[in-house]
Every structure is written in structure tokens, then in C-alpha cells.
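Numbers restart at 1 for each chain; the letters A, B, ... are given by sequence-line order, proteins then strands.
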2 protein chains.
Amino acid sequence: MALYGASTEYVLHSLLWLVDNPEPVSSLDLAELQDIPAAFVAKQLPKLEKAGLLIASEGLRGGYRLANPADEISVLAVVDAVEGRKSLFNCQEIRGRCVLFDQQPPRWATQGVCGIHGVMLRAEQAMRQELSQTSLADLARSVRDKAPSPFFGEAQSWFDGRVQTRRTSKVRQRKRSDVS
Amino acid sequence: MALYGASTEYVLHSLLWLVDNPEPVSSLDLAELQDIPAAFVAKQLPKLEKAGLLIASEGLRGGYRLANPADEISVLAVVDAVEGRKSLFNCQEIRGRCVLFDQQPPRWATQGVCGIHGVMLRAEQAMRQELSQTSLADLARSVRDKAPSPFFGEAQSWFDGRVQTRRTSKVRQRKRSDVS
DNA sequence: CAAAACGCGGACTTATAATATCCGCGTATG
DNA sequence: CATACGCGGATATTATAAGTCCGCGTTTTG
């Protein structure tokens, strides 16, 4: 239905919380703060680490932080890391199937890029060009310009209090305590 | 996997055969000529008629022809007619879900267009701009410049002979003759 | 006028991808 | 050594795309 789906949306929103935040933030914190599916987000972030956009710290108090300054991370880089460089169009080389060629399409018919594929490639290029011109810093700025000052303090407090409140969260695993 | 799928590809290739062809061509002819699924193509073309890009003639010897000169039909118009104005991205308004808002996001958080949605909209606009700049005539020209002259005659002959050869085609319906 | 060849559109099936969850492992912290 | 992480494989659940089938009305043609 759309080229870029919920994975990308979740990830982009999550990354905005990491801008200018030197402390690692866990995927669970990011998910619960934004009320998005935790297990799903946790599955997306390793892709960003492999792409070199995030740095992960393991173990207790671990989490993610940006690998580079936010103004050096383009939306295009994020999208490609999450969705895997999706193309606008998959050419199936219909031009060579014409029955007049009888299974043996001549060279003139299949050489170069298919005209239909060509216009799609140009459109894709225009799209990627636009995505490459916006950075996480740009996005974060547009959000912060709207928010009132007290909000950032509240957000910081929420992160600080996480280690305690997680204990009472709805998402709880039962190691070997589930027996009546 | 891609924003535009096989429907669009089949349709665009089919339309190229209608450029400068005043005689109506049936969907079955278009499908068999290009070796693409006939029932599927037959399902796409009515969309183009409703969009005003094609004119259909019913009954025996019926078929489709372009409603306008090929240089007035953009690839964008075709794609929108077939796929229904797909967007690059579906914003789910994640920004309003932040738990700090406690179910009641303040106005500053949800007013205007979401920054992430915004960059996607700009990219989509750039893509559509590019698709709108290419017409069916442009595509047809790039194909014809490659093909040798005799090819067009062969194609014309194939269409002319269709009414007879269809009789022996593999795709044959059995009205009430299927009894052992 | 009846058969044939069309377009039309709904119902249906299948294939594939997107979304989401679960579980066990290794690792760092305190 | 218990806890809270990241990691990754396996699995379930939808949703969408791709493809098929069938019955109806329309138009030509013999």
C-alpha cells in the first residue's frame, strides 16, 4: 500500500529521541515512551547498527545511541537501512516476451534500459534525492521548535525514572515463577 | 516490495501498443501478444476507462483505444489510474501517542504536518513530478527508435490475423461442450 | 436471430510480504 | 548471580498483490 511502512515510521520517530542524548536508550524504553510495539521495534534497530547508524551497548543499562552527529544522518540512510533499498518498480523485462520474437528476442529489443523502467528509475532518483537532503537534525529541530521548554525536562525525568517504573510495567516476563 | 507492481507494468506496456493505433484492440490480444496474464490485464483496463484515459468499444470487434493523443497522457496519470494514487508513506501520527501526553496530546504536538510525514511528502512530490514529465508518446518514441522498420509491419499483420488465429489459441472456453 | 467475441464486474483462490510476538542465548552491570 | 539489556531465529497473524473463474449485457456478423 505504501513503499515505506510502519517499520520506517517507528524507527524514525525513535531516532529523534536519541538526538543529542549521549546516554544509551533501550529499545523497550523507546517503544513504551511512544506506545509502539516493543518487540517489533527491537527487531528493527539491529539493522541500523549494522548499517553504522547506531551504536549498541549490551548488558544491563545498555541501549542505543547515534553513531554520528544527527546532522550527518540523512533520512535516506535510515530508510535504506530499515527497508533495504527498496525500488519504486521491479522491471520484469516484458519487452522481450513479445510473441513476434518467438522466445528469441533480438538485441535491439532488449539492449539498454527499458523505457518504462527508465522513467521509474528517474522518479526513484528524484525521490531519493529529496530524502537525502533532510537529516535527523532537521527533523528534530522542527519538533523542538514546537514544543514548550518544560516538555524536555519531563522527558528527561521519564527516562531517568525508567529503571524503577519498568518493574511495574505491563510487559513482564515470567522466568520460572508461573506456577499456581 | 515495490510501490508500483505488475499491474502498472502490464498496463504501460499494453498502452504503448495503442499509440497511433486508431482501431480498437482487445485486452486478450494485448495479453497474448506480450505473453502476460490475460484475465489479469482484462481486469486493469476498465480502471483506465473510468479515468478517461481509454475508450472502450463493446461487442464483437470491440476493444480499447487511447482517449487522447499519446503526448497528452502522462505516466503519472496511468499509474494513478491503475494503482489508485498510492502514497509513499502512511503517517500514523505516532507523535501524538507519547505517554507523556497521557492520551491527551496537546495542540502543539499535533498541529501542522508531522516532520517525518513532511519529508516523505516532499519526496513523493518529487517522484510524481518526474512521472508527470514523461508521456506515452515519449515512451513509444524510445521504443520505435530502436526497432527496425520491418517490425511494425509484422506487428500490424499479427493484429490483422488475430480474428482467425484466436480460434486455435490455447486459451479456449468450453461453453457446454465439456462432457466425456 | 443466434452464435461469437467483446467489455464489465463480482467472487474466489493463491502467493508473498508486512506486521507482530515469542523464546533462548550471550553480555554487561551492580 | 540475578537483572536488564541486545541479538537472532522461529513462528503466528494479517494485509496486499497477483491471478483465475464465471455470469451478464452488448455489438457485430453470418
Side-chain angles (χ1 to χ4, degrees), chain A residues 1-11 23-32 36-50 54-65 82-84 86 89-90 92 162-167 169 171-178, chain B residues 1-11 23-32 36-50 54-65 82-84 86 89-90 92 162-167 169 171-178:
Chain A
M1 198 179 180
L3 185 61
Y4 301 129
S7 328
T8 293
E9 188 169 16
Y10 296 156
V11 166
E23 311 298 326
V25 182
S26 78
S27 65
L28 182 60
D29 281 2
L30 289 169
E32 295 197 354
I36 57 183
F40 188 66
V41 174
K43 191 156 260 273
Q44 311 302 320
L45 299 184
K47 300 179 193 170
L48 301 187
E49 201 229 345
K50 289 198 197 62
L54 285 181
I55 293 177
S57 349
E58 291 195 342
L60 181 58
R61 294 295 254 171
Y64 295 97
R65 59 191 174 90
V82 174
E83 310 255 7
K86 278 192 183 174
F89 179 78
N90 273 351
Q92 302 182 57
R162 278 305 287 173
V163 183
Q164 285 71 28
T165 60
R166 255 199 295 276
R167 204 168 300 274
S169 168
V171 182
R172 286 270 54 92
Q173 73 274 31
R174 51 283 173 267
K175 279 288 179 185
R176 44 189 172 278
S177 58
D178 49 294
Chain B
M1 195 181 182
L3 185 60
Y4 300 129
S7 328
T8 292
E9 187 168 17
Y10 295 156
V11 165
E23 311 297 326
V25 182
S26 78
S27 65
L28 181 61
D29 282 3
L30 289 170
E32 294 196 355
I36 57 183
F40 188 65
V41 174
K43 189 159 263 272
Q44 312 302 322
L45 298 186
K47 299 179 193 170
L48 301 186
E49 202 230 345
K50 289 197 198 64
L54 285 181
I55 293 176
S57 348
E58 290 197 340
L60 181 59
R61 295 295 253 170
Y64 295 96
R65 59 191 173 88
V82 174
E83 309 255 6
K86 279 193 185 173
F89 179 78
N90 274 350
Q92 301 182 57
R162 277 304 286 172
V163 182
Q164 284 71 30
T165 59
R166 254 199 296 274
R167 206 168 300 272
S169 167
V171 182
R172 285 271 52 95
Q173 72 274 32
R174 51 286 173 266
K175 278 289 179 182
R176 44 190 171 275
S177 60
D178 47 293

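- One interatomic measurement links the two molecules: CG of Leu3(A) to P of dT16(D), which rounds to 15 Å at whole-angstrom precision.
- The distance from atom CD of Glu9(B) to atom P of dA17(D) is 16 Å, rounded to the nearest whole Å.
- Ser27(B) is linked by a side chain to side chain contact (heavy atoms under 4.5 Å, CB included) to Ala42(B), Leu45(B), Tyr64(B), counting only residues two or more places apart in sequence or in another chain.
- Taking 4.0 angstrom as the limit, Ser7(A) places none of its side-chain polar atoms (N or O) nearer than this to OP1 or OP2 of dA18(C).
- Residues Glu49(A) and Leu54(A) come closest through the heavy atom pair CG-O, 3.4 Å.
- For Lys47(B), the side chain to side chain contact (heavy atoms under 4.5 Å, CB included) partners two or more places apart in sequence, or in a different chain, are Gln44(B).
- Looking at heavy-atom distances under 4.0 Å, Ala6(B) makes contact with sugar-phosphate atoms alone, never a base.
- Not one side-chain nitrogen or oxygen of Tyr4(A) sits closer than 4.0 Å to the OP1 or OP2 atom of dT19(C).
- Protein atom CD1 of Ile36(B) is 13 Å distant from nucleotide atom C1' of dA18(D), rounded to whole Å.
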Can you name the atoms? Protein N/O to nucleotides 27-30 of chain D N/O, anything below 3.5 Å, with the distance.
| unit_1 | atom_1 | unit_2 | atom_2 | d |
| --- | --- | --- | --- | --- |
| dT27(D) | O2 | Leu60(B) | N | 3.0 |

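- Here dG7(C) presents its P atom at 14 Å from CD1 of Ile55(B), a figure rounded to the nearest Å.
- An OP1 or OP2 oxygen of dG6(D) is reached within less than 4.0 angstrom by no side-chain nitrogen or oxygen of Ser57(A).
- Once rounded to the nearest 0.5 Å, the distance linking CG of Leu3(A) with OH of Tyr4(B) reads 9.5 Å.
- Taking every heavy atom of both residues into account, Ala31(A) and Ala38(A) meet most closely at CB-CA, 3.4 Å.
- The distance between atom CZ of Phe40(A) and atom P of dA18(C), rounded to the nearest whole Å, is 10 Å.
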Do any N or O atoms of the protein come closer than 3.5 Å to N or O atoms of nucleotides 12-17 of chain C, and which pairs are they?
none

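- At the heavy-atom level, Ala39(B) lies under 4.0 Å from base atoms of the strands shown.
- For Ile55(B), the side chain to side chain contact (heavy atoms under 4.5 Å, CB included) test picks out Arg65(B), Ala67(B), with sequence neighbours left out.
- For Gln92(A), the side chain to side chain contact (heavy atoms under 4.5 Å, CB included) test picks out Ile94(A), Arg97(A), Ala6(B), Glu9(B), Tyr10(B), with sequence neighbours left out.
- Whole-Å rounding puts the Arg65(A) CZ to dG6(D) P distance at 13 Å.
- Counting non-hydrogen atoms under 4.0 angstrom, Lys47(A) reaches nothing in the nucleic acid.
- Separating the CG atom of Leu28(B) from the P atom of dT20(D) is a distance of 13 Å, rounded to the nearest angstrom.
- In this structure, the side chain of Glu23(B) does not engage the main chain of Gly63(B) through any donor-acceptor pair within 3.5 Å.
- If you take CD of Gln92(B) and P of dA15(D), they are 13 Å apart, rounded to a whole angstrom.
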